[in-house]
> 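Below is a structure I'd like to ask you about.
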There are 2 protein chains.
Amino acid sequence: MFELDLRSRAPVYEQLVEKIKELIINNVLKPDQQLPAVRVLASELTINPNTIQKAYRELEHRGYIYSVPGKGSFVKPAVPGTNDARLQALENELGKIISEMLYLGVPPQEIITMLKKLLAKKEGGKLDD
Amino acid sequence: MFELDLRSRAPVYEQLVEKIKELIINNVLKPDQQLPAVRVLASELTINPNTIQKAYRELEHRGYIYSVPGKGSFVKPAVPGTNDARLQALENELGKIISEMLYLGVPPQEIITMLKKLLAKKEGGKLDD
DNA sequence: TAACTGTATTATTTATGTTAGTACAATTAG
DNA sequence: CTAATTGTACTAACATAAATAATACAGTTA
């Protein structure tokens, strides 16, 4: 289900957080869908269960999943307009990316075109619903 | 010249890299402008010179500055169209941000508006040249 | 009851970040 | 030339974080 790069300098649990978050955001993992059990995923990836739990704990803390003892861990349904702080952070990140693109010599019009192209692709892929 | 958050979980040298990179990208630090000497900046920030050097080494490796033994470290002038790899990485980051905004319920039109607003602001600030 | 789930705890090992101190070669100001 | 600056390299020590290992416990489910 997941692929890891053990050679990477990024911590394994952090890679896991990013990967799973990405799957949730892209609707590959659907709302309320159950995630692999801590021990199961640890066995599949041949890493320690504690590392998985650390990733799950972080994902729960960031609001992407919820866990129920005895039942399992599940994708937390997103509620629009409930995460202004995260949205503000994203706008800030967007600003940095734009600055660097301008710095690299990309014309503003080309940046807009790039955004629209990406939006079309992502919106097109939303036909999975 | 720089401000650090020693309480942060992010490594000091990494914070330095990000801060300086941002100053370069936003043209606060001009091309070929000299950066503070390793020992000087270390003294100002009351941290170890080795930590500064690690940050400078990383910045040089990423192509944002160049260092000359005996002279100093300087802002490397950007040459447009010379960094396709970095541009590809930025487009990838942009894609992730868009995905998360859509996931949070932001309408596509609103994302475009947000981008244009940010572009206007950054382009306006470019009058420093 | 038995087999699953998440969670918690302690200990150990390994990797990374940071400081400290020293040294050397290139450059520049006097 | 000399002295003071620059970047760079190196070793050692310490602190923190990441990852593994081995149990253990409570809630859930078949």
Side-chain angles (χ1 to χ4, degrees), chain A residues 1-21 24 29 31-77, chain B residues 1-21 24 29 31-77:
Chain A
M1 188 169 200
F2 308 108
E3 298 169 5
L4 291 182
D5 181 11
L6 296 179
R7 297 163 303 176
S8 171
R9 51 282 163 200
V12 173
Y13 85 92
E14 212 170 277
Q15 294 183 49
L16 263 176
V17 169
E18 290 304 315
K19 294 261 185 189
I20 297 177
K21 170 187 153 187
I24 294 176
L29 294 175
D32 291 311
Q33 179 177 343
Q34 184 164 9
L35 295 170
V38 171
R39 295 170 181 80
V40 173
L41 187 52
S43 173
E44 285 182 5
L45 301 177
T46 54
I47 60 181
N48 198 279
N50 293 336
T51 305
I52 307 289
Q53 196 206 342
K54 187 171 185 179
Y56 278 15
R57 193 191 313 144
E58 182 63 24
L59 282 165
E60 185 166 24
H61 181 256
R62 295 193 197 174
Y64 292 105
I65 72 174
Y66 62 94
S67 297
V68 183
K71 295 194 66 176
S73 299
F74 307 86
V75 176
K76 188 172 183 178
Chain B
M1 188 170 202
F2 308 109
E3 298 169 5
L4 291 183
D5 181 10
L6 296 179
R7 297 163 301 176
S8 171
R9 51 283 163 200
V12 174
Y13 85 92
E14 212 171 280
Q15 292 183 49
L16 263 175
V17 168
E18 288 306 314
K19 295 261 184 190
I20 297 177
K21 170 188 154 187
I24 294 176
L29 293 175
D32 291 312
Q33 179 176 344
Q34 183 166 8
L35 295 171
V38 171
R39 295 170 181 80
V40 173
L41 187 53
S43 173
E44 285 182 5
L45 301 177
T46 54
I47 60 181
N48 197 280
N50 293 336
T51 305
I52 306 289
Q53 197 207 343
K54 188 170 186 179
Y56 278 15
R57 193 190 313 144
E58 182 63 24
L59 281 165
E60 185 165 25
H61 181 256
R62 295 192 196 175
Y64 292 106
I65 72 175
Y66 63 94
S67 297
V68 183
K71 294 193 67 175
S73 299
F74 307 87
V75 176
K76 188 172 184 178

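Throughout, a chain's letter reflects where its sequence line sits, starting with A, and its residues are numbered from 1. These values consider heavy atoms only, across backbone and side chains, with no hydrogens, waters or symmetry-generated copies. Here the structure is a predicted model, which is why all the values come from computation and not from measurement.
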> Return the CD to NZ distance between B/Glu58 and B/Lys21, rounded to the nearest 0.5 Å.
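NZ of B/Lys21 is found 10.5 Å from CD of B/Glu58.
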> So which heavy atom on B/Arg62 is nearest to which on B/Val17, and how close?
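Shortest heavy-atom contact: NH1-CG1, 3.6 Å.
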> Whole angstroms only, please: what is the CD-C1' distance between A/Glu58 and D/dA19?
16 Å
> A/Glu14 near the nucleic acid: base, sugar-phosphate alone, or nothing, with a heavy-atom cut-off under 4.0 Å?
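Touches nothing.
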> Ignoring backbone atoms, establish whether B/Tyr56 has a side-chain N or O less than 4.0 Å from OP1 or OP2 of D/dG7.
no
> Figure out the CG/C1' separation between B/Asn48 and D/dT16, and round it to whole Å.
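For the pair B/Asn48 CG and D/dT16 C1', the rounded distance is 16 Å.
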> Which atoms form the tightest heavy-atom contact between A/Ser67 and A/Pro69, and what is the distance?
O-CD, 4.0 Å
> Mind listing the closest non-hydrogen atom pair of A/Asn48 and A/Ala42 along with its distance?
C-CB, 4.0 Å
> Checking contacts here: which listed nucleotide (D/dA21, D/dT6, D/dA18) is nearest the side-chain heavy atoms of A/Tyr13?
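Of the candidates, D/dA18 comes closest.
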> So if I apply the side-chain contact (heavy atoms from CB on, under 4.5 Å) rule between B/Val12 and each of B/Leu45, B/Ile52, B/Thr51, which one comes out positive?
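Between B/Val12 and the candidates, side-chain contact (heavy atoms from CB on, under 4.5 Å) is satisfied uniquely by B/Thr51.
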> Tell me whether B/Gln34 contacts the main-chain N or O of B/Lys71 through its side chain, where contact means a donor paired with an acceptor under 3.5 Å.
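Present.
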> Rounded to whole angstroms, how far apart are CD1 on B/Ile52 and C1' on D/dT6?
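Interatomic distance, CD1 of B/Ile52 to C1' of D/dT6: 15 Å.
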> To the nearest Å, give me how far apart CG (A/Leu16) and C1' (D/dA18) are.
13 Å
> Can any side-chain N or O of B/Gln53 pair as donor or acceptor with the backbone N or O of B/Val38 at less than 3.5 Å?
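Pair absent, no side-chain N/O of B/Gln53 close to backbone of B/Val38.
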> Taking any atom under 4.0 angstrom from a heavy atom of chain A, which nucleotides of DNA chain C are the first and last to qualify, 5' to 3'?
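Nucleotide range in contact with chain A: C/dT5 to C/dT9.
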> What residues from residues 61-76 of chain B pass a heavy-atom cutoff of under 4.0 Å to DNA chain D?
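Close to the strand are B/Ser67, B/Val68, B/Pro69, B/Gly70, B/Lys71, B/Gly72, B/Ser73.
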> Would you mind reading off the distance between B/Lys54 atom NZ and D/dA9 atom P, rounded to a whole angstrom?
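Interatomic distance, NZ of B/Lys54 to P of D/dA9: 14 Å.
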> Provide, to the nearest angstrom, the distance between the CD atom belonging to B/Gln34 and the P atom belonging to D/dT5.
14 Å
> If I take atom CZ in residue A/Arg39 and atom P in nucleotide D/dA22, what distance separates them, rounded to the nearest angstrom?
15 Å
> Is any side-chain heavy atom of A/Ile24 closer than 4.5 Å to a side-chain heavy atom of A/Ile65?
yes
> Cation-pi between B/Lys54 and B/Tyr13: NZ/CZ under 6.0 Å from ring centre and within 45° of the ring axis?
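Because its charged atom sits under 6.0 Å from the ring centre and within 45° of the axis, B/Lys54 does stack over B/Tyr13.
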